[in-house]
Amino acid sequence: MDLSTDYMGLKLKHPIIASSSPLSETLEGIKLLEDSGASAIVMFSLFEEQIRRENEAFDFFLESGTENFAESINYFPHIDTAHKGPEDYLNLIRKAVAATDIPIIGSLNGITNEGWIDYAKQIQEAGASAIELNIYFIPTDIDMLASAVEQRYFEILKAVKDAVSLPVAIKLSPFFSATGNMAKRLDEAGADALVLFNRFYQPDIDLDNLKIDPRTDLSTSAEIRLPLLWIAVLYGRIKASLAASRGIHSSTEIIKYLLAGADVVMVASALMKNGPQYLSVLIDETDNWLTARDYHSLVEVRGAMSRQNVKDPGAFERINYIKVLESFENPFTSGIAK
Ligand SMILES: Cc1cc2nc3c(=O)[nH]c(=O)nc-3n(C[C@H](O)[C@H](O)[C@H](O)COP(=O)(O)O)c2cc1C
């Protein structure tokens, strides 16, 4: 079985990529991901806030002398100290590129198009093979129009595309009024790949202490449905590569994503839970499943169950929702109306 695939011009030996996560925060972790079989690695994100914080601190330091340095650092909200600063990040990319034989994809996480885009260029200079942009914007301003939210994506994409010659992927939010049209316009604006979908931070409430609980949990396999739907809808209709991110915990989810039309799949939670070595299990299981069904290459698999290739494209649409609801019976009544 030939599992090789093309992801925005990167030739990969198979479609299973290590998604952005703390597993890539050290060189040792990166090597372990490669040794476990990852066909490429998306680095953990460098955040716009980290870059700005460092730049602001540096400017302030130059202007005001060392005694105010601590104060200037506090200007930007404190973020996870486990995350490295921009220089450490670039150094780690340099080392990772030198120490591995697979593509290393830098990840930038930001919401404006100013003050930090230069780091995209530096990630390129550090030797990364591509850049993934995670535009993680939560529009809590209820006066902000959808068009203004969308505009940010285009502005950031343009600024980064102007700065680098590397392929650029956008990790998308599922929360658009017209997800398909947004994908189409990002494709037209030059996105080389779309990663579907970002998993958003959704805080909980701690009932014991009546506090907002800023937690994020690992995913479950039930989460594949939303990306699966949109990958199946977009397959064959845009030029950009499609990466499936979310809910992969076994080869079952991987095969479904490939059948829907994904060029690659990205795994984070399952590796956080079972260790990077779990990649080899995922690769072997995927290979075995496809080989047992006489597939010879991914070309035969990809998109076979996409919206454009299934007999009944309506299966992806509203009419099926009505049918599904009708199929449910109330388990607490004996069907008197029948
Ligand atoms: C602990 C943890 C840290 C993550 N950090 C990042 C990050 O820095 N940047 C990013 O784009 N995605 C990050 N993600 C999101 C993952 O890359 C992935 O898109 C998401 O978890 C869905 O995939 P999964 O179901 O395999 O976990 C993180 C996920 C987890 C669980």
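Note that ligands are numbered from 1 as they come in the structure, with each ligand's atoms numbered from 1 the same way. Quick note: residue numbers are just sequence positions, from 1.
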Item to check | Within-cut-off N or O pair, S21 and ligand 1, under 3.5 Å | outcome: no

Next on the checklist: So which atom in S39 and which in I17 form the shortest heavy-atom distance, rounded to 0.1 Å?
Outcome noted: OG-CG1, 3.8 Å

Checklist entry - Any donor-acceptor pair under 3.5 Å linking the side chain of N309 with the backbone of M305? => result no

Checklist entry - Given A243, P22, A268, which has its nearest heavy atom closest to atom 3 (C) of ligand 1? => result P22

Checklist entry - Of the non-hydrogen atoms in S245 and V195, which two are nearest, and what is the gap between them? => result CB-CG1, 3.7 Å

Checklist entry - Hey, does S269 come in under 3.5 Å of ligand 1, counting only N/O atoms on both sides? => result yes

Checklist entry - By number and element, which atoms of ligand 1 are closer than 4.0 Å to a non-hydrogen atom of G247? => result 24 (P), 25 (O)

Checklist entry - By number and element, which atoms of ligand 1 are closer than 4.0 Å to a non-hydrogen atom of S219? => result 24 (P), 25 (O), 27 (O)

Next on the checklist: Give the atom numbers and elements of ligand 1 that come within less than 4.0 Å of a heavy atom of L218.
Outcome noted: 31 (C)

Checklist outcome for this item: Quick note on ligand 1: atoms under 4.0 Å from a heavy atom of N134 include exactly 10 (C), 11 (O), 12 (N)

Checklist entry - Would R152 count as a cation-pi partner of F137, with NZ or CZ less than 6.0 Å from the six-membered ring centre and within 45° of the ring normal? => result yes

Checklist outcome for this item: Closest heavy-atom pair, A99 versus L27, reported as atoms and distance to 0.1 Å, is CB-CD1, 4.1 Å

Checklist entry - For ligand 1, is there an N or O atom under 3.5 Å from any N or O atom of S20? => result yes

Next on the checklist: Using a 4.0 Å cut-off to any heavy atom of V267, which atoms of ligand 1 qualify?
Outcome noted: 26 (O)

Checklist entry - Can you list the steps and then say if E132 with S20 is a side chain to side chain donor-acceptor pair (under 3.5 Å)? => result CA-CA 9 Å; E132 184 175 288; S20 182; 5.3 Å; no

Checklist entry - Nearest to atom 20 (C) of ligand 1 by heavy atom, M43, R199, E223: which? => result R199

Checklist entry - Which of parallel (below 30°), tilted (30 to 60°) and perpendicular (above 60°) describes F44 and Y89? => result perpendicular

Item to check | Distance filter under 4.0 Å to K171 heavy atoms, resulting ligand 1 atoms | outcome: 10 (C), 11 (O), 12 (N), 15 (C), 16 (C), 17 (O), 18 (C), 19 (O)

Checklist entry - Does any N or O in the side chain of D263 come within less than 3.5 Å of the main-chain N or O of L242, such that one atom is a donor and the other an acceptor? => result yes

Checklist outcome for this item: A student checking ligand 1 against S245 at a 4.0 Å heavy-atom cut-off should list atoms 18 (C), 19 (O), 22 (C), 23 (O)

Item to check | Per-atom contacts of ligand 1 with S45, taking only distances under 4.0 Å to non-hydrogen atoms | outcome: 7 (C), 8 (O), 9 (N), 10 (C), 11 (O)

Next on the checklist: Quick check on the 6.0 Å ring-centre criterion: do Y136 and F47 meet it?
Outcome noted: no

